[in-house]
**Q** 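The structure follows.
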Amino acid sequence: MTTETLPLNLLKANAELQLRLTRLLQESSHQWLDSAKEASSQGIAETSAEIEGVLRSANWHALASLPPEAFWRQFKGRVAHVQTFQQVAIKNQAAFTSGLQQAIESWHKAVSTALGSDNSVSPFADVFKQWNALWSQTTEATQRKAPKGD
């Protein structure tokens with residue numbers, strides 16, 4: 001490793017990190033859009049069922065009982081949607097955080113490899129010494145707190 005190739009290797013490591021982060025954000029957005037689409041589809045199906053209930057009503061008593069019944073069905077359905085949404089949010093955030101950690105670890109390895117052990121780049125290695133110690137502590141703490149299983 002020479003000081004001439006160091007800037008190129010660091011640029012490549014940074015470009016890879018940027019592209020990985022962009023992909024993570026795109027994947028996360030895609031997951032959110034899929035969740036919204038599914039919720040919208042369920043809402044359309046529920047509304048269609050309500051319309052069919054109104055159309056099938058054969059008498060005043062059945063028609064008069066539809067609003068309170070519909071309200072409680074909708075209320076229970078919304079509670080279930082909120083719970084599902086929370087589970088999706090937790091799953092998406094965990095996937096994003098895991099991907100982010102992997103991207104940063106790959107970047108860290110690429111930068112460490114670029115810096116190498118050559119004496120000509122050792123001043124650059126000193127810049128990362130403190131960051132390496134902090135990163136190791138953070139990674140260990142994250143692994144201890146990570147939930148077991150899915």
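Position 1 is the first residue of the sequence, and the numbers go up from there.
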**Q** Do L25 and L19 share a hydrophobic cluster (ILVMFWY, side-chain heavy atoms under 4.5 Å, transitive)?
**A**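 Not linked; separate clusters.
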
**Q** Decide whether L10 and I104 are clustered together by the hydrophobic rule: side chain heavy atoms of Ile, Leu, Val, Met, Phe, Trp, Tyr closer than 4.5 Å, transitively.
**A**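 Looking at the clustering, I104 is in the same group as L10.
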
**Q** State, to 0.1 Å, how close V88 and S35 come at their nearest heavy-atom pair, and which atoms those are.
**A** CG1-OG, 3.0 Å

**Q** Show the nearest heavy-atom pair for residues R20 and Q102, with the distance to one decimal.
**A**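 Smallest interatomic distance, heavy atoms only, reads NH1-O, 4.1 Å.
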
**Q** Using side chain to side chain contact (heavy atoms under 4.5 Å, CB included) as the criterion, list what pairs up with E38, not counting sequence neighbours.
**A** Q42

**Q** Once you round to the nearest 0.5 Å, how far does CD of Q18 lie from CG of L11?
**A**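 It is 10.0 Å, given to the nearest 0.5 Å.
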
**Q** Measure across L24 and G99 and return the closest heavy-atom pair with its distance rounded to 0.1 Å.
**A** CD1-C, 3.3 Å

**Q** What is the minimum heavy-atom distance between A103 and L21, and which atoms define it?
**A** CB-CD2, 4.5 Å

**Q** Any sub-3.5 Å donor-acceptor pair from S48's side-chain atoms to I44's backbone N or O?
**A**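 Confirmed, S48 side chain pairs with I44 backbone.
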
**Q** Not counting sequence neighbours, list each pair that qualifies as a side chain to side chain donor-acceptor pair (under 3.5 Å) and has a residue in residues 21-33.
**A**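 Non-adjacent pairs meeting side chain to side chain donor-acceptor pair (under 3.5 Å): H30-D34.
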
**Q** Which distance, rounded to the nearest 0.5 Å, do you find between the CG of L17 and the CD of E105?
**A**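 Answer rounded to 0.5 Å: 12.0 Å.
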
**Q** Within this structure, what is the NE2-OG1 distance for the pair H108 and T113, rounded to the nearest 0.5 Å?
**A** 10.0 Å

**Q** Minimum heavy-atom separation for L6 to A114, with atom names?
**A**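 Closest heavy-atom pair between L6 and A114: CD1-O, 3.4 Å.
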
